[in-house]
Amino acid sequence: MKKILVLGAGFVAEPLVEFLKRRTENDITIASYLLSEAEELAKNFDSVKYLQLDVSNQALVQDALVGFDLVVSLVPAPFHPTIAKAAIQAKVNMITASYESEEMKSLAKDIKEAGITVLNEIGLDPGIDHLSAMKIIDQAHDKGEKVSSFVSWCGGLPAPDSNNNPLGYKFSWAPRGVLMALLNEAKYLNNNNPITISSDQLMSWTKPLSITGLELEGYPNRESISYKGVYGIEEAKTILRGTLRYQGFSEIIQAAHKLGLLSLNAIDVSEQSWSDFLVTINEGASIESLQESISQDALAALEWLDCFSDKAITVKATPMDVFCELLVEKLQYLDNESDMVILQHKFVIEKESGEEYFISSTLRAEGDASGYSAMSKTVAYPAAIASQLMLDCSYTRKGLQLPVTKDIYEPILAQLCKEGIRCEEKIFAQNEVSNDVFLSELI
């Protein structure tokens, strides 16, 4: 028997448990801070145990890990270093779908000395993006070719049939994390020039994109240049990783930012209407002047959200938190609606002769309104497949790891294809498309 402890009972946990339960020798326990959540999820499967666990307490996690072969952490990323410290002491392998934090990196020596594996960034983004990118990068390098440009876009969106609001977006979880990401500056590399986009200009940078017949837009993620090292493409002159949204999203969010709705400044307000709240946080400016300060399209969208209405706000500590409460109410997926995930890489490859060619790798996955969402599947299945590889001793690298090597990306990509999650690759010769046209979003 292989004993697996799954930390977290959120929407990603169910498809992960479902995949691992396909193997009869897997003995799974689900742990959650709320025992009722773990119990509710466990009821969906035969012979899955559950327990209550506070993952912020290293000693409790360490005790809980005794006798387990693997811990899969699906809790928020800030808890991962504490769990990793417990895994080090208990000498239990660990997997997460979250970005590898600086605090996690500081544990690399201890992880290696404990003789365990801690594998991070094995979900969708990060995760499938790494797997599909490294496959193409390694193939190019094996032929003596260079990756001169790498541009990658990824986003979770409503499926076209469920895209029925002005923002072109819906939330499967708390929106604060999405909005917080928009307050960061972004850095990328364009033709060997490091570019920094300030947070207040991020939504203005947004470029139009057409992917799988959908009219989208993209903006850069916080940091792209370090992927020279992560992906082993030191030769690359252009590197950008960004986020996808439907067109129009950035204009609306920019307007919300201008109106102070993304502010993290503490406020002391009583229950009041949304229109009065906007006047309050804009230091008494008239509602008419606020409406005139933004575009007509953004105004229509924010009116649809009730931002200029007599509707009462939910009193919170900051304007962003007040806004988040409204977004949760207005931008939920209904029972008959489904989500969609789109991931696209673009590569400019230089042959030994100096001639260039171009590769695109595109994933489009839609959720099942009566089953798993696209986001839950594309995050959970890579983590579950990696877990099974580790349990089977098919992946044996020790220490702090990322899924960027052939021994992990090949088997996971192969299994994802069997799950209907596939990246479609297209190759274009230099005489079919120019560099500028292929990477038009950077021009």
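Each residue takes its place number in the sequence, starting with 1.
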Residues [X], [Y]: salt bridge by 4.0 Å N-O rule:
X	Y	value
Lys330	Asp306	yes
Asp125	Arg241	yes
Lys135	Glu425	yes
Lys406	Asp138	no
Asp69	Lys91	no
Lys21	Glu18	no
Lys377	Glu366	no

Answer yes if the side chains of [X] and [Y] hold a donor-acceptor pair under 3.5 Å, and no otherwise.
X	Y	answer
Asn184	Ser199	no
Arg364	Thr212	yes
Asp407	Thr405	yes
Ser148	Glu235	no
Thr362	Gln344	yes
Glu145	Tyr357	yes
Ser226	Glu223	yes
Gln254	Asp200	no

Exercise for the section: Apply side chain to side chain contact (heavy atoms under 4.5 Å, CB included) to Asn165 and list each qualifying residue two or more places apart in sequence or on a separate chain. Expected result: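 For Asn165 the side chain to side chain contact (heavy atoms under 4.5 Å, CB included) partners, ignoring immediate neighbours, are Leu167, Lys170, Trp304, Leu331.
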
Using a cut-off of 6.0 Å, state whether more than 12 heavy atoms not belonging to [X] lie near its atom [atom1].
X	atom1	value
Asn44	CG	yes
Gln296	CD	no
Tyr33	OH	no
Lys187	NZ	no
Lys109	NZ	no
Asp46	CG	no

Contacts of [X] that satisfy ring pair (Phe, Tyr, Trp, His ring centres under 6.0 Å) - sequence neighbours left out:
X	result
Phe358	Phe438
Tyr169	Phe171, Phe249
Tyr188	Trp205
Phe323	none

Handout entry: Among Ile421, Ile408, Leu416, Leu124, the one residue meeting side-chain contact (heavy atoms from CB on, under 4.5 Å) with Pro382
Key =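 Among the candidates, only Leu416 passes.
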
Exercise for the section: Verify side chain to side chain contact (heavy atoms under 4.5 Å, CB included) between Met203 and His257, making sure each step is shown before the conclusion. Expected result: CA-CA 10 Å; Met203 293 292 94; His257 200 343; over 6 Å; no

Exercise for the section: Identify the heavy atoms of Leu209 and Glu217 that sit nearest to each other, and give their distance. Expected result: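 Answer, listing the atom of Leu209 first, then Glu217: CD1-C, 4.0 Å.
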
Exercise for the section: State, to 0.1 Å, how close Ala384 and Phe19 come at their nearest heavy-atom pair, and which atoms those are. Expected result: CB-CD2, 3.6 Å

Exercise for the section: Start with the C-alpha gap between Leu65 and Leu5, add the side-chain angles, then the distance that decides, and say whether side chain to side chain contact (heavy atoms under 4.5 Å, CB included) holds. Expected result: CA-CA 7 Å; Leu65 285 175; Leu5 180 62; 3.8 Å; yes

Practice task
Would you check if the side chain of Glu337 reaches a backbone N or O of Leu334 as a donor-acceptor pair within less than 3.5 Å?
Solution key: yes

[Y] and [X], any side-chain heavy atoms less than 4.5 Å apart:
X	Y	result
Val75	Ile83	yes
Leu74	Leu7	no
Gln291	Phe308	yes
Ser263	Thr318	no
Ile111	Ile88	yes
Ile253	Leu262	yes
Leu240	Asn190	no
Ile412	Tyr381	no

Measure the [atom1]-[atom2] distance between [X] and [Y] for me, rounded to the nearest 0.5 Å.
X	Y	atom1	atom2	result
Ile197	Asn221	CD1	CG	12.5 Å
Asp368	Ser338	CG	OG	8.0 Å
Leu182	Ser250	CG	OG	10.0 Å
Leu343	Leu363	CG	CG	5.5 Å
Leu326	Leu305	CG	CG	5.5 Å
Asp27	Lys2	CG	NZ	12.0 Å

Practice task
Tell me, with the steps shown, if Ser361 and Glu424 meet side-chain hydrogen bond (donor to acceptor under 3.5 Å, both in side chains).
Solution key: CA-CA 5 Å; Ser361 175; Glu424 180 184 353; over 6 Å; no

Problem - For Ser106, side chain to side chain donor-acceptor pair (under 3.5 Å) partners two or more places apart - result: none

Practice task
Begin from the C-alpha positions of Leu439 and Ser149 and carry the test side chain to side chain contact (heavy atoms under 4.5 Å, CB included) through to its verdict.
Solution key: CA-CA 9 Å; Leu439 299 180; Ser149 296; 3.6 Å; yes

Exercise for the section: Kindly determine whether Ile349 and Lys146 satisfy side chain to side chain contact (heavy atoms under 4.5 Å, CB included), including the steps that lead there. Expected result: CA-CA 6 Å; Ile349 310 290; Lys146 297 178 180 178; over 6 Å; no

Practice task
Just do the side-chain hydrogen bond (donor to acceptor under 3.5 Å, both in side chains) check on Thr238 and Asn191 with the steps written out, would you?
Solution key: CA-CA 5 Å; Thr238 295; Asn191 198 24; 5.4 Å; no

Practice task
Test Arg22 against Glu419 for salt bridge (charged side-chain N to carboxylate O under 4.0 Å, His left out), laying out the working first.
Solution key: CA-CA 13 Å; Arg22 298 177 193 176; Glu419 305 298 329; 2.7 Å; yes

Practice task
Determine whether the aromatic ring centres of Phe150 and His345 lie less than 6.0 Å apart.
Solution key: yes

